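To keep things clear, I will list the structure first and then write my remarks on it.
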Amino acid sequence: MKLTDKQKQFVEELLNKMTLEEKVGQLNQDSPSIVGGFDVPFEELIEMVTDGRMSQEEFGKIMATAERDFHEDDIRAGMVGSVMGNDPIKANELQKIAVEETRLGIPLLMGFDVIHGLRSVYPIAIAEAGTFDDDLMERTAKMAAKESRAYGINWNFAPMLDVARDSRWGRVSEGPGEDPFLGSRFARAKIKGLQNNTESTADYVAACTKHYVAYSACEAGRDYNTTSMSTSQLYNVYLPAFKAAMEEGACSAMASFNDLNGVPCTVNSYTLRDILKGEFGLEGFVVSDANGIRECVTHGIAEDDADAGIKAINAGLDMDMGTRIFYNHIAQAVKDGKVSMETLDDAVRRILRVKVWLGLFENPYVPQEVIDMYSKVLPKEHVDLCEEAAEKSIVILKNEGSLLPLKKTSKITLVGELADRADEVVGAWSLGWEASDCVSVKAGFEAAGVDFEYYPVCGPEGDLNADELKAAIETETDIVVAVVGEYKSMSGEASSKADITLPGHQQEMLKKLVAAGKKVVAVLMNGRPLALGWESEQLPAIVEGWHLGIQMGTALTKVLFGEVNPSGKLSSTFSSVNGQEPLYYNHPATGRPGSKSKFTSKYLDAPVEPCFPFGYGLSYTTFEYSNLKLEEDSEGIAAVFTLKNIGDVAGTEVAQIYMQDVTASLVRPVKELKGYERVTLAAGESKEVRIALRKCDMGFYDNQGKYVCEDGLFRIYVGGNSRDLLKDEVRVKF
Ligand code: GLC
């Protein structure tokens with residue numbers, strides 16, 4: 001976000017005209033209140049859904065027709081700075097009140113959760129990060145921004161940048177995986193895609209990096225739980241992606257629910273003012289997460305709402321999402337001298353600057369022709385981009401005897417409820433999709449003319465249908481494609497799980513199919529890494545399909561039948577059993593690294609190694625790495641190596657470079673991803689690949705939050721995943 005001097009001047013002049021109440025109004029983000037249209041109080045409705053008396057389906061239907069209060073009178077009084085929603089007609093109505101019926105005509109920010117697409121839903125972030133394709137990640141964000149504006153949204157609560165190491169946490173699905181370097185590259189791509197196409201106000205939105213910070217380090221992988229860590233861990237693991245986003249000019253950040261080292265992030269001036277606004281230079285503003293300010297009372301850090309609000313704004317939190325605590329208490333707090341006018345002005349200034357940068361004063365409304373454009377079918381280029389992203393996100397985890405790709409001519413048995421659930425392909429945090437746009441795996445098979453029989457048999461919940469299983473076993477074909485995994489509701493917010501093996505009777509179905517002599521290709525449809533110990537040993541083929549978005553069925557069909565050679569890799573480690581979590585590749589060695597000998601760091605009842613390592617993914621061809629040499633210059637170290645496609649089909653490899661700082665003043669990870677490149681090679685083709693590593697990227701943060709580069713021995717690794725690597729080493733002087 002870059003403002004001209006003229007724009008900054010405009011903001012100062014506007015600020016000087018504002019009353020105390022109007023300033024406080026800008027800090028207030030309102031969501032439409034549910035006011036009825038059903039025969040029980042809203043709270044009772046929530047209870048009914050929570051305790052299962054009402055299905056999500058039923059609840060959705062009621063919500064779609066519920067009467068809402070959009071707080072028009074408060075907007076008219078200049079007491080609302082932002083609203084939430086994705087209806088362009090309503091957005092124009094509310095914007096018209098703000099612009100034409102208030103004293104100063106300050107437009108509204110229209111915020112919404114557009115995490116991986118709005119109408120054109122592409123793969124969940126943990127999947128898309130596994131493409132290691134920065135250009136793709138930028139293009140999908142650009143598409144999301146364009147669609148957001150068309151639906152009246154000018155502020156996306158995205159990207160989610162929580163690097164996550166514990167797959168029990170349901171929100172691993174929303175973020176870029178376990179690695180800070182990949183998370184940083186993901187962050188840069190997403191901010192560029194969302195914010196940089198400023199030629200037209202139809203093409204860009206304000207980003208909102210979240211959840212700031214270390215929310216994913218919640219103890220035991222339990223959502224909203226406490227987090228505590230050293231300063232070096234905070235800086236080396238959880239802050240890099242946010243730092244990268246701020247360097248790309250991200251407009252805003254969302255404070256996370258968790259307490260960090262005893263201070264909730266909503267009222268944490270160290271992380272908000274010292275680091276985010278101070279060191280990282282956030283020019284825009286910080287919004288709380290939903291209800292976050294009020295929860296500071298529950299945290300036990302504030303006496304009451306007013307105390308929580310005062311602590312929040314003084315700590316650097318600028319906008320209140322959904323509690324109206326700022327609306328109710330900040331004006332009085334200023335009068336009482338508990339909040340200075342400078343603090344209030346700084347918060348308002350940050351918000352106004354984003355509104356000016358968005359062009360809202362000149363173009364506050366969504367043009368009717370744009371609204372019409374999206375009301376019918378999706379633009380073809382959007383659908384094609386969703387398909388490309390889906391194809392590149394698919395990871396082949398196992399392919400014994402090259403069972404894959406399947407022959408188009410062979411007859412297939414397809415099983416699994418999820419294979420026919422077009423509504424499940426979109427994954428968690430998809431709020432704007434249309435069923436008519438979604439392609440299930442079964443629909444993908446049908447569209448491609450695959451000769452198959454389909455038996456649902458079972459899904460992530462409910463019983464196993466023995467008759468359907470029997471029928472599936474009795475088919476004459478010996479190849480069974482089993483689509484198994486999780487509903488989209490089993491990942492995302494408030495979806496932590498203690499058991500991350502395949503839910504329901506799905507594993508039982510697989511075991512019976514294997515026992516019947518079927519060759520089973522498991523296609524996983526899931527939001528988190530699953531514990532796949534049994535599957536990885538007993539199944540001949542496993543395809544990680546994640547929740548790939550609206551083109552999931554099309555993409556998976558093309559990959560399964562060889563029309564597309566997959567290139568996806570894992571952005572997160574997969575465990576064999578639950579108890580291994582949290583499990584990640586970039587861990588310290590310890591003094592007794594896990595091994596077969598007794599007195600080392602391991603479990604008696606679980607493997608030392610992960611089931612599938614970070615960065616792992618197979619192709620239908622084979623890539624060979626050789627001739628690694630290191631070239632050092634004043635800039636840094638370059639790893640130069642030969643990559644050869646020794647198989648018989650063309651393919652794309654994500655070549656990865658890792659580094660180990662062998663001896664340092666703090667223990668360092670056994671390896672850290674420091675670079676990657678997608679390399680496409682024809683069958684038999686080889687290429688010299690050079691991936692440079694800058695010296696300034698070879699350091700780490702110490703426990704004073706200081707970045708240090710220490711002379712010494714460094715090991716450099718290259719390969720197609722974090723385990724099978726070529727190695728060399730070099731002494732570096734900084
Ligand atoms: C939720 C989520 C956050 C989301 C916000 C608004 O509680 O934590 O990711 O952006 O509320 O929906």
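As the structure is a prediction and not an experimental result, all values here were calculated from the model. We're numbering straight along the sequence, starting at 1. Just so you know, ligand 1 is whichever comes first in the structure, and atom 1 is the first atom listed for that ligand.
- A donor-acceptor pair shorter than 3.5 Å can be found between the side chains of Glu147 and Ser120.
- Closest to atom 8 (O) of ligand 1 by heavy atom, among Asp289, Ile115, Val287, is Asp289.
- Each of the following atoms of ligand 1 lies closer than 4.0 Å to a heavy atom of Met254: 3 (C), 10 (O).
- Residue Glu493 places at least one N or O, backbone or side chain, under 3.5 Å from an N or O of ligand 1.
- Backbone and side-chain nitrogen or oxygen atoms of Trp429 are examined, and none is located within less than 3.5 angstrom of a nitrogen or oxygen of ligand 1.
- Residues Trp169 and Tyr224 keep their aromatic ring centres 6.0 Å or farther apart.
- Shown in contact with Phe157 at under 4.0 Å from a heavy atom are these atoms of ligand 1, numbered in order with element: 10 (O).
- Aromatic ring centres of Phe280 and Phe242: separated by at least 6.0 Å.
- Using modelled atom types, one finds no donor on one side chain facing an acceptor on the other under 3.5 Å when comparing Asn261 with Ser228.
- Aromatic ring centroids of Phe157 and Trp429 lie 6.0 Å or more apart.
- Note: no N/O pair closer than 3.5 Å links Glu174 and ligand 1 by distance alone.
- A salt bridge does not link Asp134 to Lys190: none of the charged side-chain nitrogens sits closer than 4.0 Å to a carboxylate oxygen.
- Residue contact check for ligand 1: Arg171 places a non-hydrogen atom closer than 4.0 Å to it.
- In summary, Asp113 and Lys210 engage in a salt bridge, as defined by a charged side-chain N under 4.0 Å from a carboxylate O.
- In terms of protein heavy-atom proximity, atom 12 (O) of ligand 1 is closest to Asp113 OD2, 2.5 Å.
- Near Phe257, meaning under 4.0 Å from any of its heavy atoms, are these atoms of ligand 1: 7 (O), 8 (O).
- The Lys210 neighbourhood of ligand 1 comprises atoms 3 (C), 4 (C), 9 (O), 10 (O), with distances under 4.0 Å to a heavy atom of that residue.
- Ranked by closest heavy atom to atom 9 (O) of ligand 1, the top entry among His211, Met321, Met160 is His211.
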Working note: Val426 + Lys488, criterion side chain to side chain contact (heavy atoms under 4.5 Å, CB included); need CA distance, chi angles, decisive distance, verdict. CA-CA 7 Å; Val426 291; Lys488 59 182 181 290; 3.8 Å; yes
